[in-house]
Structures are given as C-alpha cells and as structure tokens.
2 protein chains.
Amino acid sequence: METQTKNFRKRGAILECIRCTKTHPSADMVYAMLQKDHPDISLATVYRNLALFRKQGLIQCVATVNGTERFDANTAPHVHFICTGCDAVLDLPELQVPQSLCGEAAAGVGGQVSACQLSFTGLCGECSKN
Amino acid sequence: METQTKNFRKRGAILECIRCTKTHPSADMVYAMLQKDHPDISLATVYRNLALFRKQGLIQCVATVNGTERFDANTAPHVHFICTGCDAVLDLPELQVPQSLCGEAAAGVGGQVSACQLSFTGLCGECSKN
DNA sequence: TTGTAAATAATAATTGTTCTCAAATAGGAG
DNA sequence: CTCCTATTTGAGAACAATTATTATTTACAA
C-alpha cells in the first residue's frame with residue numbers, strides 16, 4: 001500500500017506541481033521540484049506528460065527563454081513579462097490584449113486565430129537595481 | 001580580385017539576406033539561401049552573425065516555432081501571425097500594440113520594459129482550406 | 001612584406017527534447 | 001486471489017538546435 005500510493009501515477013504529481021507554482025517552470029524545473037517527493041522520477045516522464053497536458057489543453061507553453069520552454073497551468077490568455085536578467089517569467093494579470101485585435105488578426109491573414117500571446121521583455125524590479 | 005570580392009565579408013551577405021526576405025527565416029533557412037552565392041559558408045558563421053546582429057539591434061528574434069528561432073530585420077515592434085499548419089511567420093502590419101500597455105507593463109513589474117511582442121497563432125489562409 | 005586583430009570553416013561539445021524498449025503497474029475478467 | 005492486457009514509467013540512447021573551440025585565412029596598417 002505504501003509503495004502503491006507512492007508510485008501511483010506520477011502524472012498527477014507533475015500536473016499538481018505545475019498548478020501550484022507561479023514561476024512558469026521549464027521541464028527541468030518541474031523535474032527538480034519533484035525530486036523531493038519522487039526521487040526516482042525520470043526527466044523523460046516529465047517531458048512526456050507536459051506534452052500530453054499541452055495536447056489536452058490542461059497547460060500551455062507561455063514562453064521560450066534561452067531555448068527552453070516555460071509552462072503555465074493557467075490556460076486563459078494573459079500577458080507575461082520576461083526578465084532578461086534572471087530569466088524569470090512573471091504574470092501581468094492586470095493587463096489584457098484588446099479583444100478587437102484578435103478579430104483584426106483573423107481578417108488580416110484570411111484564416112483562423114486560435115490563440116494570441118503578448119509578452120514584454122526587459123528587466124524586473126530586482127534586476128534593474130543590479 | 002575576383003576571389004577577393006567573393007570572399008569579402010560574408011557578414012554583409014547574411015544581413016542582406018535577412019533584409020531581403022519576408023519569411024522571417026531561421027538560421028537554417030538563411031544558411032540554405034546563402035548556399036547559392038556562398039557555397040562554402042558555414043552554418044556556425046550564420047549563427048554567430050545572427051547573434052551579433054541581434055546584440056547590435058540590427059535584427060530581432062520574432063518567434064520560436066517548433067524550437068527554432070525566427071528572425072526579422074524589421075526591428076520596429078510589430079505584430080506577427082504564426083501558422084501552426086505550415087510554420088509560416090507572417091507580418092500583420094496593420095495591427096499595433098497599444099502604446100499604453102507598455103507603460104502599464106513597466107509599472108506592473110516595477111522595472112524596465114525594453115521590448116514587447118504580440119503574436120497570434122492559428123491557421124493561415126492556405127492552411128485553413130487544407 | 002610583415003605584424004596584428006578580426007573573420008571564418010570545420011568540427012567538437014553542449015543543451016534541450018524526443019524516442020526506444022523493456023520492466024513495472026493498474027484495473028478488469030475469470 | 002490470479003491471470004491478462006493496456007498504460008505508465010525509467011534509463012539511456014538518439015536527435016536537433018545551438019554554442020564553443022581551434023586552426024586558418026583575411027583585411028589592413030606600419
């Protein structure tokens with residue numbers, strides 16, 4: 001029973017992990033965070049399940065920072081800030097992409113728009129003091 | 001003299017190449033396009049110079065599609081459309097990010113905003129007919 | 001020509017990600 | 001409970017994009 005619950009679906013643990021953090025982690029960060037409760041987890045399992053969650057629409061990739069993808073369990077479209085100093089990805093919940101732009105975009109290409117993404121780049125509060 | 005002019009600074013050719021195309025090419029695409037006039041160019045040279053141009057502000061990375069970076073010599077902030085069908089990156093010159101948002105973003109993080117990027121994802125006209 | 005610093009080609013190394021495959025496991029049928 | 005089958009997983013190989021290294025070539029000035 002002990003080992004059973006421990007090994008019972010690491011998939012759930014991965015989803016839980018990404019839902020409980022605000023840092024928009026990469027696959028590697030999720031892997032590191034899970035080490036404590038699941039020391040025998042494989043990095044491949046993390047990648048595999050992140051890809052699955054994305055396909056299922058449970059999470060989304062919100063940015064690619066220095067070549068590594070960053071994920072978010074908040075699938076509602078929202079604005080991000082990417083710090084070039086510390087590679088942090090922050091939410092800007094108070095900002096919103098004007099709805100009208102989506103329609104204009106669809107019209108502009110004569111196709112279908114399924115998502116939009118707005119992100120700002122710069123130095124966060126911490127890093128701008130460096 | 002012949003060989004001299006031919007070998008004279010491939011850097012210029014790389015910049016020229018990216019300035020003369022509207023497809024927002026990747027490093028690999030630039031490399032392929034240069035093969036004709038510079039069959040002996042190295043892919044590493046393309047990467048190196050693209051990185052340099054970016055640092056100099058001559059070009060910018062406008063998107064990461066399927067893990068590969070796409071560049072643009074138009075460094076003015078403008079909106080893009082990324083087709084998930086054919087991986088094309090298109091301009092949407094008629095759209096603009098409201099200037100007010102940038103200020104709000106800077107205020108939101110208490111830091112400095114150096115760039116912003118808005119992109120829509122979906123199917124382009126061609127692909128939506130598939 | 002000769003010295004020096006920058007640019008390059010070739011290739012090795014690194015890094016993020018995906019694939020392969022055999023072993024472990026869950027959940028159902030008997 | 002026991003067997004069966006499909007799912008999930010770990011380990012590491014494979015892969016592709018990118019970066020670093022190194023020896024060679026080039027531009028240019030003295």
Under the salt bridge (charged side-chain N to carboxylate O under 4.0 Å, His left out) rule, what pairs show up with a residue in residues 13-23 of chain B, not counting sequence neighbours?
none
Would you give a per-nucleotide map of nucleotides 17-23 of chain D, 5' to 3', where B means the base has a protein non-hydrogen atom under 4.0 Å away, S means only the sugar-phosphate does, and - means neither?
SBBB---
Exceeds 12 heavy-atom contacts within 6.0 angstrom, atom CD of A:Q35
yes
Specify the separation, in whole Å, of atom CD1 of A:I41 and atom P of C:dA24.
18 Å
From CE of A:M29 across to C1' of C:dG16 the rounded distance in Å is 13 Å
How close or far is atom P of D:dT9 from atom CG of A:D40, stated in whole angstroms?
11 Å
Specify the separation, in whole Å, of atom CG of B:L34 and atom C1' of C:dA7.
15 Å
Do any side-chain nitrogens or oxygens of B:S42 fall under 4.0 Å of OP1 or OP2 in C:dT8?
no
Please give, in whole Å, the distance from C:dA26 P to A:R9 CZ?
7 Å
Mind checking ring-ring contact (aromatic ring centres under 6.0 Å, His included) for B:H80 and listing every partner two or more places apart, or none if nothing turns up?
B:H24, B:H78
B:R11 CZ to C:dA5 C1', in whole Å, measures 13 Å
Distance-only criterion, 3.5 Å: show the donor-acceptor pairs between side-chain atoms of residues 111-126 of chain B and protein atoms not counting sequence neighbours.
residue: B:S114; atom: OG; partner: A:T121; partner atom: O; Å: 3.1
residue: B:Q117; atom: NE2; partner: B:V62; partner atom: O; Å: 3.1

Residues 81-108 of chain A vs salt bridge (charged side-chain N to carboxylate O under 4.0 Å, His left out), sequence neighbours excluded, gives none
Sort and list the pairs that fulfil salt bridge (charged side-chain N to carboxylate O under 4.0 Å, His left out) and have at least one residue in residues 58-78 of chain A, not counting sequence neighbours.
A:R54-A:E69
Under 4.0 Å between a side-chain N or O of B:K10 and OP1 or OP2 of C:dA9?
yes
Spacing between A:L50 atom CG and C:dC19 atom P, to the nearest angstrom
14 Å
Taken to the nearest whole Å, CD1/B:I14 to P/C:dA7 is 12 Å
